[in-house]
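Data block below; observations after.
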Amino acid sequence: MNEKLKVGILGATGMVGQRFIALLDNHPWYEVVTLAASPRSAGKTYAEAVGDRWKLDVPMPEAVKDLVVLNVNEVEKVAASVDFVFSAVDMTKDEIKAIEEAYAKTETPVVSNNSAHRWTADVPMVVPEINDDHFAIIEAQKERLGTTRGFIAVKPNCSIQSYTPALAAWAEFGPKEVVATTYQAISGAGKNFTDWPEMVGNIIPFIGGEEEKSEKEPLRVLGQVKDGTIELATSPVITTQCVRVPVLNGHTAAVFINFEKSVTKEELIVKLREFKGYPQVEELPSAPKQFIQYLEDDNRPQVSLDVDYERGMGVSIGRLREDHVYDFKFIGLSHNTIRGAAGGAVLCAETLTKKGFIKKK
């Protein structure tokens, strides 16, 4: 790319906004030129606005410290300075829907980490290795919005990243029933242990809205584009429980699965290791070279050893074995704020750029 695209981050002061900033530092295609947040942060430098609330284990990039934060509600002003935006705003669902559409209508593509538009019929919800073809429905969305280059694209919930890639890798064997329990890190709630000392040595067996997302969103990711909308996959049937655990980063899933077809453990492992998609074929900047790794050791994957696999963009699977009630069971692990949030959105943007949906204004 001859000239970097100018990027804005909406909701730049929150944890996911911070992760976007860290991941985009020295990105070969993109340059962060605009940071936007709530009115209380507007007018301050980014360093001043964040203060002591920088939550990542990497330092704040020097390139953003002196950027003056804009008011995210001043849509025209923010949009005028960028080629596209990432959205990580902290608002109500209706407010998020409205503001993301407002940005799209300024002819500014919006790549969102938020859940508000995940079930909007003509908004693609994409894991680029699995369903990059869903970006085709953007044309129907642009027709609805009355835009020529503005649109919204979203990535799915962080909790499904640890097991949905396996379902995609095993599609030819017909996954039909899935029981999954996810053990979710506190950063998924935008917190660390300083913010949430009650989580030390504790688990909470409920995360609002998470089980519904975990059961339904994989069916949209695994669905097909039809007549300008997404036709949901009819299988597998998925039931989940979601538990908050005292881990900073990394969502782990314990999964039981039944298949339509007979398959061996060895065949399943081969499919995991061979699985790749558009980002690997096109060698996109944020793409993991090996999307899914299979770990042979009985005590893997572990958060402390494996959460940063492929810079947090890969998925780790282990403990695949036959079960006496279901066909097989396994453990999955993904990094919730990298692959599951900001990193997944960056990879969506790279895919959209490569496909020509995002370009210079």
Any salt bridge linking [X] with [Y]? Criterion: basic side-chain nitrogen under 4.0 Å from a carboxylate oxygen.
| X | Y | result |
| --- | --- | --- |
| Glu283 | Lys289 | no |
| Glu296 | Arg273 | yes |
| Glu101 | Arg144 | yes |
| Lys359 | Asp83 | no |
| Lys4 | Glu31 | no |
| Lys360 | Glu3 | yes |

Could you tell me whether a side-chain N or O of [X] sits under 3.5 Å from a main-chain N or O of [Y], the two making a donor and an acceptor?
| X | Y | answer |
| --- | --- | --- |
| Glu177 | Pro236 | no |
| Glu107 | Thr148 | yes |
| Thr164 | Gln161 | no |
| His117 | Thr120 | no |
| Trp54 | Val58 | yes |
| Tyr294 | Leu320 | yes |
| Glu267 | Thr264 | yes |
| Arg220 | Arg118 | yes |
| Asn131 | Met125 | yes |
| Asn192 | Asp195 | yes |

Worksheet item: Checking side chain to side chain donor-acceptor pair (under 3.5 Å) for the pair Asp94/Thr92: CA distance, chi angles, key distance, verdict?
Response: CA-CA 5 Å; Asp94 287 343; Thr92 68; 5.7 Å; no
Any idea which heavy atoms bring [X] and [Y] closest together, and the distance?
| X | Y | value |
| --- | --- | --- |
| Ser87 | Val110 | CB-CG1, 3.9 Å |
| Lys6 | Val33 | CB-CG2, 3.8 Å |
| Gly17 | Ala88 | N-CB, 4.1 Å |
| Tyr46 | Ala12 | OH-O, 2.7 Å |

Discussion item. Is the distance between the ring centroids of Phe84 and Tyr30 under 6.0 Å?
Written reply: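 That pair passes the under 6.0 Å test.
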Discussion item. Taking the ring of Phe330 and the ring of Trp170, is the distance between their centroids below 6.0 Å?
Written reply: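 Ring centroids of Trp170 and Phe330 are less than 6.0 Å from each other.
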Within the 4.5 Å heavy-atom criterion, are [X] and [Y] side-chain neighbours or not?
| X | Y | answer |
| --- | --- | --- |
| Pro109 | Arg149 | yes |
| Gln184 | Val245 | no |
| Val346 | Leu24 | yes |
| Ser187 | Asn336 | yes |
| Arg339 | Ser162 | no |
| Ile130 | Leu222 | yes |
| Leu352 | Val111 | yes |
| Glu322 | Asp327 | no |

Practice prompt. Carefully, step by step, assess Gln290 and Glu310 under the rule side chain to side chain donor-acceptor pair (under 3.5 Å).
Written response: CA-CA 8 Å; Gln290 179 81 29; Glu310 289 278 13; over 6 Å; no
Worksheet item: When you look at Glu350 and His27, which way does the side chain to side chain donor-acceptor pair (under 3.5 Å) test go after all the steps?
Response: CA-CA 11 Å; Glu350 292 170 358; His27 191 283; 2.6 Å; yes
Worksheet item: More than 12 heavy atoms of other residues, nucleotides or ligands under 6.0 Å from NZ of Lys276: is that the case?
Response: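 At most 12 heavy atoms, drawn from other residues, nucleotides or ligands, come within 6.0 Å of this atom.
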Worksheet item: Do other residues, nucleotides or ligands put more than 12 heavy atoms under 6.0 Å from Asp297 CG?
Response: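 Enclosed.
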Worksheet item: Taking atom types as modelled, is there a side-chain donor on Gln280 or Glu129 under 3.5 Å from an acceptor on the other?
Response: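 A pair is found: one side chain offers a donor N or O, the other an acceptor, under 3.5 Å apart.
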Fill in: Distance-only donor-acceptor check, side chains Glu211 and Thr240, under 3.5 Å
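No, because no side-chain N or O of Glu211 sits under 3.5 Å from a partner of the opposite role on Thr240.
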Practice prompt. Report the C-alpha separation of Leu10 and Phe86 in whole Å, then their side-chain angles, then the decisive distance to 0.1 Å, and conclude whether the side-chain contact (heavy atoms from CB on, under 4.5 Å) test is met.
Written response: CA-CA 6 Å; Leu10 314 181; Phe86 290 108; over 6 Å; no
Discussion item. Apply side-chain contact (heavy atoms from CB on, under 4.5 Å) to residues Val178 and Thr239 and explain how you reach the verdict.
Written reply: CA-CA 6 Å; Val178 170; Thr239 184; over 6 Å; no
So how far is it from [X] [atom1] to [Y] [atom2], rounded to the nearest 0.5 Å?
| X | Y | atom1 | atom2 | result |
| --- | --- | --- | --- | --- |
| Glu139 | Phe151 | CD | CZ | 9.0 Å |
| Gln241 | Ser214 | CD | OG | 11.0 Å |
| Asn114 | Ile96 | CG | CD1 | 4.0 Å |
| Lys105 | Ile152 | NZ | CD1 | 9.0 Å |
| Cys348 | Lys155 | SG | NZ | 8.0 Å |
| Asn299 | Ile331 | CG | CD1 | 12.0 Å |

Discussion item. In terms of relative ring orientation, are Phe357 and Phe135 parallel, tilted or perpendicular, with 30° and 60° separating the classes?
Written reply: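 Answer is tilted, since the angle falls between 30° and 60°.
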Practice prompt. Report the relative orientation of the aromatic rings in Phe173 and Phe259; use parallel for angles under 30°, tilted for 30 to 60°, perpendicular for over 60°.
Written response: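 Taking Phe259 first and then Phe173, their aromatic rings stand perpendicular (interplane angle over 60°).
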Worksheet item: How far apart are the C-alpha atoms of Arg319 and Asp298, what are their side-chain angles, what is the distance that settles it, and do they pass the salt bridge (charged side-chain N to carboxylate O under 4.0 Å, His left out) test?
Response: CA-CA 6 Å; Arg319 298 209 69 210; Asp298 285 341; 5.1 Å; no
Discussion item. Is there a salt bridge (charged side-chain N to carboxylate O under 4.0 Å, His left out) between Asp132 and Lys355? Walk through the geometry before answering.
Written reply: CA-CA 10 Å; Asp132 66 285; Lys355 287 176 175 282; 3.0 Å; yes
Practice prompt. Apply side chain to side chain donor-acceptor pair (under 3.5 Å) to the pair Thr182 and Ser159, showing each step before the final yes or no.
Written response: CA-CA 7 Å; Thr182 56; Ser159 70; 5.1 Å; no
Item to complete: Show the numbers, then the answer: is there a salt bridge (charged side-chain N to carboxylate O under 4.0 Å, His left out) between Glu48 and Lys65?
Response: CA-CA 8 Å; Glu48 290 170 343; Lys65 286 183 177 180; over 6 Å; no
Discussion item. Pair Leu347, Tyr278 - check side-chain contact (heavy atoms from CB on, under 4.5 Å), show working.
Written reply: CA-CA 10 Å; Leu347 191 58; Tyr278 185 90; over 6 Å; no
Item to complete: Verify side-chain contact (heavy atoms from CB on, under 4.5 Å) between Glu212 and Cys242, making sure each step is shown before the conclusion.
Response: CA-CA 10 Å; Glu212 295 84 351; Cys242 298; over 6 Å; no
